[in-house]
Amino acid sequence: YLIFSDVHSNLEALQAFFEIAQKTPHDRLVCLGDIVGYGADPNPVLDLIREKVDIILAGNHDHAVCGKISASYFNPYAYNATLWTRKVLNEENHEFLRSLPIYLENEDIVWVHSSPFEPERWHYLNSYEDAIENFRVLETELCFMGHTHKPLVFEEVSKDDVKLLKGPAIKLSDNNKHLINVGSLGQPRDGNPESCYTRFDSETRELNFCRFSYYLEETQRKILKNGLPPF
């Protein structure tokens, strides 16, 4: 699997990712939502993802843009970007966003945008306490998610005993449960401006957080040109 999340209408990052994916052996591409929001290219980004990606979920920004949830709780930057995206999104992509799930389970893996605990409430999973709460409802060994824009892995060692696994390369144990945040392709928030995606081999259980640079100056230029929040 090559898994990514939180593209946020960043076409340059997505194009660079697909160039890498083309040269990287894989069976499935997975997108865990927040395809739109913040950036200036919602339609081209959606067109590419619809064409190339095997498993696609929606995030809270996607649901806010297509009217499935209110954007009233967003910060001002996200709110204004949502209103702009609604105006420029074509009907086909609008309906596509409306059709996407926020939670999916297949092949003994849970895929979700926010968290397995109350996925429709868009909780953030940042702490050990958050991880314990989610492990209590998780019935599979593996759960991949986005939403926080920060790559990390929590492992359940025993009931209410959780550890954080570090490193760009991690070998997951065979028996314990894992919560894996794949980071953000379009807007990383972990102090590293390089895009992040996750490569996972389900046979060897090897997981890699992969970083790459892209033409971010063009992304910035288009955000400003379209009057989107410069923040």
Side-chain angles (χ1 to χ4, degrees), residues 1-10 13-14 17 30-39 45 49 55-65 69 71 73-79 81-82 100-104 109-138 140 142-156 162-168 170 172 177-200 207-212 216 229 231:
Y1 297 96
L2 301 183
I3 312 158
F4 64 96
S5 188
D6 299 276
V7 182
H8 285 300
S9 299
N10 187 334
L14 185 65
F17 167 74
V30 182
C31 174
L32 298 181
D34 274 4
I35 301 167
V36 300
Y38 294 120
V45 162
I49 286 176
I55 298 172
I56 309 171
L57 271 62
N60 54 317
H61 285 258
D62 305 321
H63 273 193
V65 163
I69 63 170
Y73 75 97
F74 281 3
N75 67 55
Y77 313 112
Y79 181 77
T82 296
L100 294 175
I102 62 172
Y103 177 101
L104 192 64
I109 296 175
V110 164
W111 311 102
V112 65
H113 177 68
S114 56
S115 67
F117 174 67
E118 299 179 334
E120 73 286 350
R121 298 286 298 275
W122 313 108
H123 298 303
Y124 288 93
L125 201 162
N126 286 311
S127 67
Y128 289 94
E129 291 75 19
D130 296 334
I132 289 170
E133 187 173 49
N134 278 271
F135 279 127
R136 286 173 182 162
V137 301
L138 183 65
T140 63
L142 298 174
C143 175
F144 290 90
M145 69 194 73
H147 198 44
T148 67
H149 299 217
K150 298 175 182 178
L152 58 80
V153 178
F154 283 112
E155 179 180 4
E156 184 184 53
V162 170
K163 68 178 178 180
L164 181 66
L165 305 182
K166 297 183 179 181
I170 300 168
L172 303 182
K177 294 179 183 178
H178 298 85
L179 295 162
I180 302 136
N181 194 301
V182 301
S184 172
L185 203 72
Q187 197 191 85
R189 294 178 187 166
D190 62 340
N192 182 346
E194 292 189 324
S195 286
C196 183
Y197 70 95
T198 296
R199 186 172 70 244
F200 176 64
L207 182 143
N208 294 86
F209 293 125
C210 307
R211 309 303 289 245
F212 63 91
L216 63 87
F231 175 82

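Worth knowing before you read on, the calculation uses all heavy atoms, side chains too, and leaves out hydrogens, waters and symmetry mates. Just so you know, these numbers come straight off a predicted model, no measurement behind them.
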**Study point:** With E155 via salt bridge (charged side-chain N to carboxylate O under 4.0 Å, His left out) - residues at least two apart
**Key:** K163
Practice item. For a ring-ring contact (aromatic ring centres under 6.0 Å, His included) with F200, tell me which candidate from F144, W111, F209 qualifies. Key: F144
Review point. Do other residues, nucleotides or ligands put more than 12 heavy atoms under 6.0 Å from the OH atom of Y79?
Key: no
Exercise for review: Heavy atoms only: give me the nearest L179-A131 pair and the separation to one decimal.
Suggested key: CD1-O, 3.8 Å
Practice item. Report yes if some heavy atom in the side chain of V153 is under 4.5 Å from a heavy atom in the side chain of I180; otherwise report no. Key: yes
Check your understanding: Hey, is NZ on K150 packed in by over 12 heavy atoms from elsewhere, all under 6.0 Å?
Key -> no
Study note, to complete from the structure: For residues 115-132, the salt bridge (charged side-chain N to carboxylate O under 4.0 Å, His left out) pairs (sequence neighbours left out) are E118-R121
Check your understanding: Excluding sequence neighbours, so at least two apart, what forms side chain to side chain donor-acceptor pair (under 3.5 Å) with T82?
Key -> none
**Study point:** Sequence-distant partners of D62, side chain to side chain donor-acceptor pair (under 3.5 Å), two or more places apart
**Key:** none
Review point. Hey, is the main chain of S184 close enough, under 3.5 Å, to the side chain of D6 for a donor-acceptor pair?
Key: no
Review point. Of the options H149, H8, H147, H113, which is the one that meets H61 in a ring-ring contact (aromatic ring centres under 6.0 Å, His included)?
Key: H8
Exercise for review: Using side chain to side chain donor-acceptor pair (under 3.5 Å) as the criterion, list what pairs up with Y73, not counting sequence neighbours.
Suggested key: N60
Point to revise | With sequence neighbours excluded, residues passing salt bridge (charged side-chain N to carboxylate O under 4.0 Å, His left out) with R189 | key: none
**Study point:** Within-4.5 Å side-chain heavy-atom neighbours: L152 and L164
**Key:** yes
